[in-house]
Amino acid sequence: MFAMNIDVRYGRRMLPGRRARTAFAVAAACTFVPTATAGAAACTDAAGKPWCDRTLSADARARALVADLTGDEKIRLLAGTHPGIRAGAIPGIPRLGVPIGYVDGSTVGSGQPVSADGRLGGKDPATQMPSGSLLAATFDPELARRAGATVGDESRRKGNVGILGPAADVMRVAYSGRAWESFGEDPDLNGAMAASWIKGAESAGVFTSLKHFAVNSQEGVGYGRPAVPLGLGVQGSRHLFNAIVSERALREIYLAPFEEAIREGRPGSVMCAYNRINGQYACAHRHLLADVLRGDWGYDGLVMSDWIAGAHPWDVVAHLRNGLDLEMPAASTYSGALIKPLLRLGVVRWPLIDDHVRRILRAEIDAGILDDPPSEKPIDVDAHDAVAREVAEGGLVLLRNTGVLPLRPGTRIAVLGPAARKSASGGGSGSVRPFRTVSVADALTARGNAVVDTTRDRARAAAVARTADVAVVVVRDYETEGADRACLTLRCPPDYGDQDALIEAVAAAQPKTVVVQETGAPVLTPWRDRVAGLLQAWYPGQSGGSAIASVLYGDVDPSGRLPMTFPVREADLPTAGSRLRYPGDAAQNVRYDEGVLVGYRWYDARGIQPAYPFGFGLSYTSFAFSDLAIDGTRVTFTVRNTGARRGAAVPQLYVGLPGGPPWQLRGFKKVWLDPGASETVTLTLTDRDLSSWDGGWKRAACAKVAVGASSRDLPLKGSTCP
Ligand code: BGC
């Protein structure tokens with residue numbers, strides 16, 4: 001299989017044009033080895049094998065398989081097996097021709113966490129998509145669907161049956177080491193993006209795993225550096241912390257995106273989280289798994305644990321009874337040694353085990369493991385790269401522009417900053433070793449007239465900046481699974497020096513200084529009034545440099561909007577001011593006593609001015625909003641491009657409910673408009689959009705309604721009151 005990957009990679013990269021395609025096809029044809037299905041025959045005919053009968057539903061086929069399994073086989077299926085180079089694998093049943101089912105990857109790509117030579121952190125190459133935060137910033141569910149289809153296709157072609165994403169964890173803690181992976185601080189945006197991504201990925205023939213269910217808000221204060229594959233959170237560790245959270249905040253904020261993603265996206269699986277919620281671990285949680293997920297939402301798909309210590313042996317009965325189907329990546333809790341005595345004693349019964357096994361097999365059958373067993377196939381790396389770039393272009397957020405942008409052709413540019421030649425990404429299971437990378441320095445140099453100097457020496461950087469017409473300073477943070485960021489300044493990331501001071505020095509020397517900020521989540525921008533431009537680029541993926549250059553030069557309008565608030569100071573964060581709120585007390589309890597005031601809801605309710613608010617982002621043109629009409633639950637308004645260039649508006653619809661946060665996002669649309677053009681947009685509010693949780697969903701008699709360009713720029717206001 002490695003032979004194939006190497007041929008695919010180098011065959012495409014080294015030879016341009018038609019020769020590349022020929023080399024690719026020949027290499028591929030010669031070197032595919034279907035390791036994913038080794039030792040297992042697919043369903044060739046259904047005689048005597050009802051699970052091979054394609055006229056039956058996946059559920060009926062799974063039931064038929066379960067009926068033919070021995071007790072030992074059933075128990076073996078309850079936990080993962082040795083995955084080789086992948087993150088995990090569902091055991092095969094060689095006797096019945098069911099192949100092993102490999103799973104790995106995330107929304108960032110179909111990476112595999114351990115290299116063939118066993119080096120920790122070495123990965124099989126993949127198309128590195130932009131971070132979840134960038135995808136959210138596109139405010140474009142159709143782009144999320146295409147991103148999902150791309151990663152899903154690549155995953156399938158690497159021989160996987162499932163992909164371990166998307167993450168729909170609402171960002172409560174700005175420091176969270178995984179804030180870059182999910183879709184920001186708003187439940188509606190999270191839910192919409194997750195649902196679309198799932199639809200895209202599953203259309204490619206893999207099941208997705210919506211994660212991390214639930215309230216997986218922090219990794220813990222501890223140690224994380226780019227050189228190590230995983231951070232180690234200690235205080236408030238993801239493996240230990242106990243979220244003490246109200247039912248209202250659960251339903252309205254933390255569970256809402258999962259509910260929407262399950263209803264609209266219908267993921268094949270859900271991954272339960274490591275942490276505790278109100279005293280019980282997520283993967284054993286009676287209320288979350290049995291009452292809400294299986295009960296209220298009627299979800300009958302596969303529930304798998306997060307990796308290593310997601311399930312706990314002492315809680316095996318609760319895991320079995322409350323809804324955990326599959327322990328990953330290996331049996332520690334769902335082992336014969338623990339489960340067989342429980343069966344013998346009648347503490348749990350076989351029908352319960354059968355149910356878990358049925359769900360596991362059905363997810364695999366739905367993803368085609370019997371009809372089209374996953375195997376190695378050629379990957380169209382160029383087509384996937386094009387999607388990665390398009391997504392990146394759609395999620396770059398222009399935060400400041402005094403007129404320096406777009407750059408004019410021929411401008412002499414000094415490309416500065418220790419991150420200019422790097423490709424920024426987060427660490428952990430969401431990291432990917434890219435097929436290729438284009439840094440900002442690569443892309444701007446390719447346009448000509450650029451000098452690059454990655455010095456940390458401020459005086460030298462300032463001197464280089466003076467020689468150019470414009471300075472572009474590329475800065476980055478470092479976020480990693482396993483440990484939270486130590487602070488939100490650009491002085492904090494290990495290995496990059498004091499990037500705030502670098503920006504100040506360059507800006508003092510060159511009035512036309514543009515900062516390109518490759519951070520997965522919010523950072524402080526104390527110098528923002530002293531720079532001419534600021535582009536929030538997130539972790540933009542393998543072709544991020546090209547996308548950034550396109551936006552800086554104005555080939556494409558910057559059409560991203562912030563999916564999370566950028567605060568003025570850390571003391572303004574909703575979790576600031578008390579260790580009990582974050583990172584938690586000595587017993588690892590974390591009090592979510594800000595309730596539903598997460599993200600912009602907090603800043604709005606407390607009247608705190610952010611540096612850049614949720615939903616904000618500039619375009620190279622300007623827009624006007626007018627003609628708000630509210631007819632019951634139908635909200636109609638007009639957006640007009642009042643500038644001289646084609647560009648994208650992202651009108652956002654917010655509601656204010658009695659007793660709730662001032663404003664809550666309930667709809668949005670990205671609208672591309674030529675100069676002078678306008679579009680009438682209609683967004684429809686659902687009953688849920690107008691409801692709050694009060695022992696059950698209670699619909700408000702009427703609600704305030706506002707439409708505008710960000711959570712803090714709402715020129716159109718009305719109400720649904722008759
Ligand atoms: C992460 C999951 C991931 C899994 C497998 C865990 O450490 O929390 O998000 O899917 O590893 O890579």
Side-chain angles (χ1 to χ4, degrees), residues 36-37 40 43 50-52 56-83 86-104 160-164 202 205-211 213 262 266-272 283-284 289-290 293-294 299-307 310-311 316 319-336 338-339 343 348 350-371 373-374:
T37 56
C43 278
W51 56 87
C52 285
L56 297 178
S57 68
D59 192 66
R61 295 171 72 180
R63 280 178 201 277
L65 258 178
V66 173
D68 253 43
L69 294 179
T70 66
D72 279 343
E73 283 169 337
K74 290 177 188 174
I75 292 173
R76 246 196 323 277
L77 271 165
L78 295 178
T81 186
H82 189 264
R86 277 115 165 148
I90 300 171
I93 317 165
R95 182 176 69 81
L96 301 179
V98 181
I100 191 166
Y102 293 107
V103 295
D104 81 357
N160 296 306
V161 73
I163 183 141
L164 304 173
E202 297 215 349
V206 283
F207 68 73
T208 56
S209 197
L210 177 64
K211 65 189 188 183
F213 191 69
I262 284 170
R266 308 171 68 80
S269 80
V270 167
M271 186 190 297
C272 48
C283 290
L289 296 180
L293 180 69
R294 301 284 195 215
Y299 183 71
D300 194 39
L302 163 61
V303 173
M304 68 172 78
S305 75
D306 202 343
W307 262 234
V316 58
H319 287 299
L320 285 167
R321 286 195 183 144
N322 294 340
L324 176 68
D325 299 309
L326 175 68
E327 180 184 18
M328 288 303 253
S332 73
T333 301
Y334 278 5
S335 66
L338 287 183
I339 292 180
L343 285 162
V348 292
W350 279 109
L352 181 65
I353 305 291
D354 288 357
D355 243 18
H356 291 309
V357 176
R358 173 181 62 85
R359 290 200 195 95
I360 295 165
L361 293 171
R362 192 184 49 198
E364 294 192 285
I365 294 170
D366 256 334
I369 199 159
L370 296 179
D371 303 337

For Ala64, is there any backbone N or O sitting under 3.5 Å from a side-chain donor or acceptor partner on Arg358?
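Not at all, since once roles are kept as given, no pair shorter than 3.5 Å links the two residues.
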
Does Ala290 offer a backbone N or O that forms a donor-acceptor pair with the side chain of Asn322 under 3.5 Å?
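No; judged by distance alone, with no hydrogens or angles, the pair does not exist.
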
Sequence neighbours left out, what passes side-chain contact (heavy atoms from CB on, under 4.5 Å) with [X]? Give chain and number order.
X	result
Leu338	Pro313, Ser335
Ala89	Thr81, Pro83, Ile100, Tyr102
Ala60	Leu56, Ser57

Salt bridge check, Arg359 against Asp355: does any charged N sit closer than 4.0 Å to a carboxylate O?
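A salt bridge is present here (some side-chain N lies under 4.0 Å from a carboxylate O).
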
With sequence neighbours excluded, residues passing salt bridge (Lys or Arg N to Asp or Glu O under 4.0 Å) with [X]:
X	result
Arg362	Asp59, Asp300
Arg95	Glu73
Asp68	none

Can you sort out the partners of [X] under side-chain hydrogen bond (donor to acceptor under 3.5 Å, both in side chains), two or more places apart, ordered by chain and number?
X	answer
His356	Asp325
Ser332	Glu327
Arg76	none
Ser209	Ser269

Residue list, ring-ring contact (aromatic ring centres under 6.0 Å, His included) with Tyr334, at least two apart or on another chain
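If we apply the ring-ring contact (aromatic ring centres under 6.0 Å, His included) test to Tyr334, skipping adjacent residues, there are no hits.
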
